[in-house]
Number of protein chains: 2
Amino acid sequence: MTETAPRPTLEAVAARAGVSRATVSRVVNGGDGVREPLVERVRRAVEELGYVPNQAARSLVTRRHDAVAVVVAEPETRVFADPFFALQLRGISKELTAHDNQLVLLLTEGRDDHARVGRYLAGGHVDGALVFSLHLDDPLPGLIQRAGVPTVFGGRPGWSDGTTDVVYVDSDNRGGAREAVRHLAGLGRTRVAHITGPLDQTSAADRLDGYRDVMGDADPRLVVGGDFTPAGGERAMRELLDRCPDVDAVFAANDLTASGALRVLRERGRRVPEDVAVIGFDDMLPLAEQADPPLTTVRQDIEEMGRLMARLLLGGLGPGDAGAAPAGVVLPTTLVRRTSA
Amino acid sequence: MTETAPRPTLEAVAARAGVSRATVSRVVNGGDGVREPLVERVRRAVEELGYVPNQAARSLVTRRHDAVAVVVAEPETRVFADPFFALQLRGISKELTAHDNQLVLLLTEGRDDHARVGRYLAGGHVDGALVFSLHLDDPLPGLIQRAGVPTVFGGRPGWSDGTTDVVYVDSDNRGGAREAVRHLAGLGRTRVAHITGPLDQTSAADRLDGYRDVMGDADPRLVVGGDFTPAGGERAMRELLDRCPDVDAVFAANDLTASGALRVLRERGRRVPEDVAVIGFDDMLPLAEQADPPLTTVRQDIEEMGRLMARLLLGGLGPGDAGAAPAGVVLPTTLVRRTSA
DNA sequence: GCACCCGGTGAGAGCGCTCTCGCGGCACCG
DNA sequence: CGGTGCCGCGAGAGCGCTCTCACCGGGTGC
């Protein structure tokens, strides 16, 4: 393998096309203000030489990088194995690609890493950051805000209660939860339980709030803690059946939790939905569809959330720097009715 | 929010420390050949001004970027939701971070994207690439090789049969499979079945080869196709029980498949391991540990594979450009004995 | 004591690009 | 037909950094 071949420069292309560097630059960057025959000649020269602009040189003068950092705090391995995050990342990737931006992935591992990430962002290596801050007590968001880099958060940050002007994209967790619980109530169910997610995440907390919006202060024993995993769902469901044998509906904080609950219900001989109706959250496919019975759930368009995050960031980076950017965008959810409720 | 503050340059630091740009540069890059008092003075100036080197300017002259691309072909969403890949990525991230390299994530979506990735890599924006090529017919590897970028593959590429000099990191899929099947045979099982993975992936094909190494051309009905998912495992197990009711052991291509198989065995009233012994592959936690019964499986250190890929790439980028780099590194696997076999 | 060497430092060129500026030519107006 | 404006293009100045090279001073060796 030979050393990297000497790549052609603007100069070389200019020479070949018989024009000046400036003209080549203009053509490469859109070709405005250059007459057609010249454009054509330059294009051909670029083609023949296989010219690719040197991004470093370009960034040096434009101070733009066409790159966006995606910052993921990863206290647990879970975060990554979560299809939820994977889908969001995919949406982000698509949107960035469409705008010729690169995705720089920053995984943080413990406290020390936060400083590293902060330094990197402050270093002006990227034009903006997309940040997934999962926990209420995460110091990362603060660091990032201080770095002065345009940022969009994935999910409502815990410390943002509408007061500060952070930009984020979230699902309507509370509204979706309300709709789910109302649906259960509409089915005539009176003992509607909720298996929560980890409550230090705003999504889980918001879903609980939505449940409470409808159920008021119903029997507090109907609310039991889960952790967004099937195992947690099983545990919670067992506890629930033990202390409230008369439960006739369960709103689970997500589909994984619901799948665990379904398994326990089956094990304990409760029919779904006849004896106990079950609703999940996410509409995670194929999990929800192939559950037994197929799971009624609150759908959120996760990939779209990712896309939107990227679009918001890229948009904010553009011309209008003014306060046109919305503080938070909350995407609607829809109830998908299958068999379980 | 004000525009990005004017960041201090080398020049500014030099002025403040009362030295030349060159000296500051030397200090910033390790400080060799600069006397202690000066080093100290420069360090202080850097600190006070909050100086951060401009990577673009640096890259322009050094032609290094301290960035590595991670290319993931993503024919299905599965790829990403797969904890396997997530873990590998984590290992990569850790190793890159340790060497102050950035991770540029390139997800490809369909054929058109391949050209884009090829162009990006050929564009010399990164120092190297880590590529996950999952399928035999993937055109991506070829494109990348042609781009002339140092590359390490994750998993043995399908077209590499030891002849070409591609660098890759893989698990000893074949050896691990052999060990698993031998263990089953050692238990006195004579009707040992294998549920395969998708055979267009080398890992799945290699595991099947390992099975055959031990079983020879046993009853071909004992080999049934799966797809690395629990649902596929269920399907395959049903088929297996239907056509070979006397099966007394199953080697599943991975833990997800095994979990599906376990469920069907339970459903059909077969005791594990008494009636049918089951072995998986991956040792994916907590899945394997919490399976019912806890799953005996072939462990591979996935995160370490990621680390190693990064280390290999970074090492190859260093001084020794010569053929010191090994063509392929195959990590050993170990059989983890739990209850299921 | 003189030539030499060598480690530490500064001066300056240049990486490949963008962008401002100015010049020349052409159209349009009076 | 001369003046004015504008459009298309080229010249040239840097962006912030690294790296080579020359320079300077203080040992060493004879």
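Source: prediction; values computed, not measured. Chain letters run A, B, ... following the sequence lines, proteins first, then strands; residues in each count from 1.
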Rounded off to whole Å, could you give me the [atom1]-to-[atom2] distance for the [X] and [N] pair?
X: B/E11; N: C/dG10; atom1: CD; atom2: C1'; answer: 12 Å
X: A/R64; N: D/dC15; atom1: CZ; atom2: P; answer: 19 Å
X: A/R7; N: C/dC15; atom1: CZ; atom2: P; answer: 14 Å
X: A/Q55; N: D/dC15; atom1: CD; atom2: C1'; answer: 14 Å
X: A/R21; N: C/dT20; atom1: CZ; atom2: C1'; answer: 13 Å
X: A/L60; N: D/dC15; atom1: CG; atom2: P; answer: 9 Å
X: B/D66; N: D/dC17; atom1: CG; atom2: P; answer: 15 Å
X: A/R35; N: D/dC6; atom1: CZ; atom2: P; answer: 16 Å

Short side-chain N/O contact from [X] to OP1 or OP2 of [N], under 4.0 Å:
X: B/S20; N: C/dT9; value: no
X: A/T23; N: D/dG10; value: yes
X: A/N29; N: C/dT18; value: yes
X: A/S25; N: C/dT18; value: yes
X: A/R58; N: C/dT18; value: yes

Answer yes or no: is there an ion pair linking B/E304 with B/R311, defined by an N-O contact shorter than 4.0 Å? yes
Using a 4.0 Å heavy-atom cut-off, does A/R63 contact any base of the nucleic acid, only the sugar-phosphate backbone, or nothing at all?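 Since only primed, P, OP1 and OP2 atoms lie under 4.0 Å of A/R63, the category is sugar-phosphate.
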Which nucleotide sits closest to the side chain of [X]: [options]?
X: A/A22; options: D/dA11, D/dC9, C/dG16; answer: D/dA11
X: A/V19; options: C/dG10, D/dG10, D/dG16; answer: D/dG10
X: B/L10; options: C/dG16, D/dT18, D/dA13; answer: D/dT18
X: B/N54; options: C/dC15, D/dC9, D/dC17; answer: D/dC17
X: B/R26; options: C/dC17, C/dG10, C/dG8; answer: C/dG10

Could you measure the distance from the CG atom of B/L60 to the CD atom of B/Q55? Nearest 0.5 Å is fine.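 Answer for the CG-CD pair, B/L60 versus B/Q55, is 11.5 Å.
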Straight-line distance of B/R119 CZ to B/H125 NE2, nearest 0.5 Å: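 If we round to the nearest 0.5 Å, B/R119:CZ and B/H125:NE2 are 10.0 Å apart.
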Looking at every non-hydrogen atom in both residues, tell me the closest pair between B/G124 and B/H65 and how far apart they are. O-CE1, 3.0 Å
What pair of heavy atoms forms the shortest contact from A/Y51 to A/P8, and how long is it? CD1-O, 3.3 Å
